[in-house]
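Bear in mind the structure is a predicted one, so any value in this text is a computation, not a measurement. Every chain is numbered from 1 and lettered A, B, ... according to where its sequence line falls, protein lines coming before strand lines.
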Amino acid sequence: MEIKTTTLAAQPFLKGMSERQLEVLVGDATAAEFKKDELIFNEGSPANRFYLLISGKVALESTPDERYDARDPVLIETIGPGAVLGWSWLFPPYYWHFDARALTPVQAIFFYGTRLCEQCEHDHDLGYELMKRTADVVVGRLQATRRRLFEQGKNLLFPI
Amino acid sequence: MMQINTSTLADLRFFKGLPEPHLKKFVENAMSAEFRAAEFIFHEGERANCFYVVLDGGVALVSRERAQLIETIGPGDLLGWSWLFPPYFWRFSAHAVLPVKAAVFHAAPLREACENDHDFGYELMKRVAEVVVERLQATPYQLPQKPDKI
């Protein structure tokens with residue numbers, strides 16, 4: 001699969017980006033495929049990239065550290081086509097905070113985040129568009145995560 | 001009531017490193033606010049037309065239906081991001097746990113400033129995204145922690 005500006009223009013995350021911005025993004029994009037059960041990235045390793053999912057499903061999992069009794073990976077969330085995978089590449093300390101595993105065969109667009117960060121710093125029109133979309137996605141993800149934990153009846157800190 | 005000026009903001013983490021013109025834009029849309037301990041700052045379901053940066057005191061973010069604490073927010077921290085994206089209503093409630101001094105910012109003119117000035121917009125969105133990513137990464141998952149390590 002070849003990634004073209006038209007491929008990018010069709011992605012919900014990039015909707016409304018200008019032709020010029022899509023051309024910059026295309027320079028940082030490569031097609032990526034993962035087999036079922038393949039690890040896309042793992043917690044604690046350096047984060048220099050992100051993905052837009054075209055098809056398939058990905059599980060985000062976290063392995064509890066020594067603060068927890070159980071040590072089996074915990075499912076945080078399952079994401080599918082159109083979703084953004086990964087934002088640890090944006091901010092220090094630039095390492096992954098969870099594992100990402102393909103639940104089905106996955107087709108995705110790989111973006112080289114480190115270079116894209118530099119391009120954003122130099123081109124604030126591009127940077128604004130990308131950060132606005134990222135902020136929107138992470139706000140939604142945080143609100144959904146908190147809501148889900150409440151629905152499971154978990155106290156996030158302690159009961160009041 | 002205290003005056004919010006660029007030097008009030010410049011030292012706070014959220015605004016750190018912002019050039020003077022960007023700080024001025026925040027100041028132009030800022031007021032100071034004070035809340036008594038236990039006083040509500042905003043309620044879940046209400047329109048989110050502003051956001052806060054806590055200057056002094058502590059704020060609890062709570063869920064209405066279960067009266068559960070989500071997180072506490074202290075001096076220098078950003079409070080609220082539902083103002084940034086539609087549908088612009090608060091997902092949770094916030095109340096002061098200690099007497100609070102805060103800077104309150106009007107959302108609509110700052111959103112407009114982002115659209116009109118992408119240098120400003122880039123800085124604002126980047127800073128909000130960074131705070132939210134941090135909070136997301138600090139959110140515990142489903143497992144109970146060992147009591148002695150909390």
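Contact annotation for A/L142: both backbone and side-chain heavy atoms come within less than 4.5 Å of a heavy atom of chain B. Residue B/E115 touches chain A through both its backbone and its side chain, counting heavy-atom pairs closer than 4.5 Å. Contacts between A/E121 and chain B at a heavy-atom distance below 4.5 Å involve backbone atoms as well as side-chain atoms. At a 4.5 Å heavy-atom cutoff, the contact between B/F92 and chain A is made by side-chain atoms alone.
Each of B/C114, B/A60, B/S82 has some count of heavy-atom pairs under 4.5 Å with chain A, and the biggest count is that of B/C114. Your options are B/W81, B/F120, B/Y122, and the one with the most heavy-atom pairs under 4.5 Å with chain A is B/Y122. Chosen from B/L84, B/V133, B/V131, the residue pairing most often with chain A at heavy-atom distances under 4.5 Å is B/V133.
With 3.5 Å as the limit, one finds a donor-acceptor pair spanning the side chains of A/H97 and B/Q137. Donor-acceptor pairing under 3.5 Å is recorded for the side chains of B/H118 and A/D125. A/E77 and A/T145 share no side-chain donor-acceptor pair at under 3.5 Å. Side chain to side chain, A/E129 and A/S18 fail the donor-acceptor criterion of an N or O pair below 3.5 Å.
When all heavy atoms of A/I3 and A/A29 are compared, the closest pair comes out as CG2-CB, 3.9 Å. Of all heavy-atom pairs between A/R141 and A/W87, the closest is NH1-CH2, 3.4 Å.
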